[in-house]
Amino acid sequence: MTHTSPEDQSRIDAIEQALLARWPETRIEPTLERIAALVDILGSPQLTYPTIHIGGTNGKTTTSRMIDSLLFEMGLRTGRFTSPHLESYLERIAINGEPIAAKDLIFSFNDISAYLDLMDEKFEHPISFFEAITALAFAAFAEHPIDVGVIEVGMGGQWDATNVVKADVSVIMPIGLDHTEYLGETLTEIAQTKAGIIKEGGYVVLAQQEPECAVELLKQAALVGADVAREGVEYSVLTRSIAVGGQLLAIQGTKEIYTDIFIPLHGKHQASNAAAALVAVEVFFGDQDLDIEAVRAGFANVKSPGRCEVLHRDPTIIVDAAHNPHGASAIADTIQSEFTFDEVMGIFAPMGDKDVRGILLELEQVMDSVIVTANSSSRSMKVSELEKMAAEIFGSDRVFAVPTVTEAIDKAVKDCIRPLSEDTIGILITGSVVTVGEARAIVRKKFAKEEK
């Protein structure tokens, strides 16, 4: 990343405050009316480049990063929009694989801010934080300019602010129960909403789905005349072996087999993400064959911060942004199958509006003990409630409670130090993207101090 001057940093902070003063990301008014009017008055910047649109419940951000990395290695200028962010909101808007430069963001915000205020007056509800940052990304990409946009859905699909794009390729990752207050109580209802990103005459790549989800997605594809590539039918992961620092894959695409693909990420789910990303790029290029060396380089260079990310060794500290049972199951499986810890200490700080019991049931299979705590969000679950729930699942002798993520990390690291012990102990920090973002900053600071 380029160095940011104090003046630019001050402006970036002011823009963030202006965005955060809007409707929060967690408050949704399901409609495309406001964002459609906003991009229209901006001259529809999102239609000035082709788009790959990524939806689903789990794996969206990593798959977006993989698609971005592949396209960039193939010589295209890329714009990637993902959410939420771990540490800085600039991460959400990436150009050629890197967070947008402060100067570029300031320029684009100055370009659109008057229109945001104008739209606020036109509608009953003002433009929300997510609508504003989505429009900001579209404008920044058009300004740059980029060759292709890689756009991750924020929530749902049909009425998500990103759904004003006309995607050439839609990708739908595995669908699970999440955000049920907005998307519906059943997988069928959620799939119907998420199917809303499948565009007429486009192409849709479907990762492995529960049967009731697959029915809804295929129904929508048939309705709009979209071509379909399904994991396990038109494409698949042929082989997967664990390698140092990641895994080695062979993937059957829609046209050919791609071998000797190394991805520096852990977990079976990441192999599925890689296959979906590769097929999305394959169908995006149409009849043009992909250069296998560019494919290998694209995957080898991929990074997925906060997704089974090893932050430190001795002790090994891993962070994972799992915030629903499906994500918790994936990280539990990865820790058991790809790491050789004698003991795993957990640090867990979820949001109160999630299926916390469901997440704890998955994590209990891999964590020998858990330190429950709270992150800085007002939505974070109260530690006293969390401690009680965790004790019911783990047993009270395996549960410890502290007020903050900093104290939890200090306790876990201290408890890891056991003289004369041969055991290898891992620390797993999870529960939410906010928790992971905070943990990354805390761990970096803590060990930087110790190394001085």
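For this chain, numbers begin at 1 and follow the sequence in order. As a basis for the values below, the full set of heavy atoms in this structure was taken, side chains included, without hydrogen atoms, waters or symmetry mates. None of these values were measured; they are calculated from a predicted model.
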(message) Any salt bridge linking D415 with K411? Criterion: basic side-chain nitrogen under 4.0 Å from a carboxylate oxygen.
(response) yes
(message) Strictly below 4.0 Å, N to O, side chains only: are R296 and E293 in salt-bridge contact?
(response) yes
Testing the basics here: between [X] and [Y], what is the closest heavy-atom pair and its distance to 0.1 Å?
X	Y	answer
A328	A322	N-CB, 3.6 Å
A207	Y235	CA-OH, 3.5 Å
A221	V228	CB-CG2, 3.6 Å
A132	L19	CB-CD2, 3.7 Å
A439	V319	CB-CG1, 4.0 Å
V279	G253	CG2-CA, 4.1 Å

Close side-chain approach of [X] to [Y], heavy-atom, < 4.5 Å:
X	Y	answer
I54	T82	no
D410	K446	yes
W159	T193	yes
L38	R34	no
L70	F284	no
N96	H144	yes
V372	F400	no
L86	V433	yes

Say whether, by atom type as modelled, one donor and one acceptor occur between the side chain of [X] and the main chain of [Y] under 3.5 angstrom.
X	Y	result
R307	P305	yes
E131	S128	yes
E91	E87	yes
Q247	K268	no
Y258	A275	no
Q209	I175	yes
T334	A330	yes
E387	S384	no
H125	F123	no
Y203	A167	no

(message) Taking side-chain hydrogen bond (donor to acceptor under 3.5 Å, both in side chains) as the cut-off, I'd like each qualifying pair that reaches into residues 160-176, sequence neighbours left out, listed once.
(response) H53-T162, D160-T162, N163-K199
(request) Can you tell me which residue pairs pass the side-chain hydrogen bond (donor to acceptor under 3.5 Å, both in side chains) test with a partner in residues 64-80, sequence neighbours excluded? (result) D68-T78, D68-R80, E73-N301, R77-D147
For residues [X] and [Y], is any side-chain donor paired with an opposing acceptor at under 3.5 Å?
X	Y	result
D13	Q17	no
E143	S108	no
S376	E438	yes
T373	E407	no

Straight-line distance of [X] [atom1] to [Y] [atom2], nearest 0.5 Å:
X	Y	atom1	atom2	result
K194	K60	NZ	NZ	5.0 Å
S329	L361	OG	CG	11.5 Å
L136	I112	CG	CD1	4.5 Å
K445	R440	NZ	CZ	16.0 Å
I197	I172	CD1	CD1	4.5 Å
L105	L90	CG	CG	5.5 Å

(message) Quick one, L76 with F285, criterion side chain to side chain contact (heavy atoms under 4.5 Å, CB included). Give me CA distance, side-chain angles, the key distance, then yes/no.
(response) CA-CA 11 Å; L76 297 181; F285 275 95; 3.9 Å; yes
(message) What verdict does the side chain to side chain contact (heavy atoms under 4.5 Å, CB included) test give for T430 and L363, after you've listed the backbone C-alpha separation in whole Å, the side-chain angles of each residue and the deciding distance to 0.1 Å?
(response) CA-CA 9 Å; T430 189; L363 295 178; 3.7 Å; yes
(message) Using the rule given for salt bridge (charged side-chain N to carboxylate O under 4.0 Å, His left out), can you reason through E216 versus K219, listing the C-alpha separation, both sets of side-chain angles and the distance that settles it, and then say yes or no?
(response) CA-CA 5 Å; E216 296 307 320; K219 206 187 284 180; 3.4 Å; yes
(request) Starting from the C-alpha separation in whole Å, work towards a yes-or-no answer on side chain to side chain contact (heavy atoms under 4.5 Å, CB included) for N273 and I263. (result) CA-CA 11 Å; N273 292 346; I263 58 169; over 6 Å; no
(message) Show, in sequence, the C-alpha distance, side-chain angles and deciding distance for E231 and S272, and conclude whether the side-chain hydrogen bond (donor to acceptor under 3.5 Å, both in side chains) test is met.
(response) CA-CA 8 Å; E231 183 179 2; S272 292; 3.1 Å; yes
(message) Could you go through F130 and I35, starting from their C-alpha distance and side-chain angles, then the distance that decides it, and tell me whether this counts as side chain to side chain contact (heavy atoms under 4.5 Å, CB included)?
(response) CA-CA 10 Å; F130 189 71; I35 186 73; over 6 Å; no
(request) Can you label the angle between the F447 ring and the H312 ring as parallel, tilted or perpendicular, going by 30° and 60°? (result) parallel
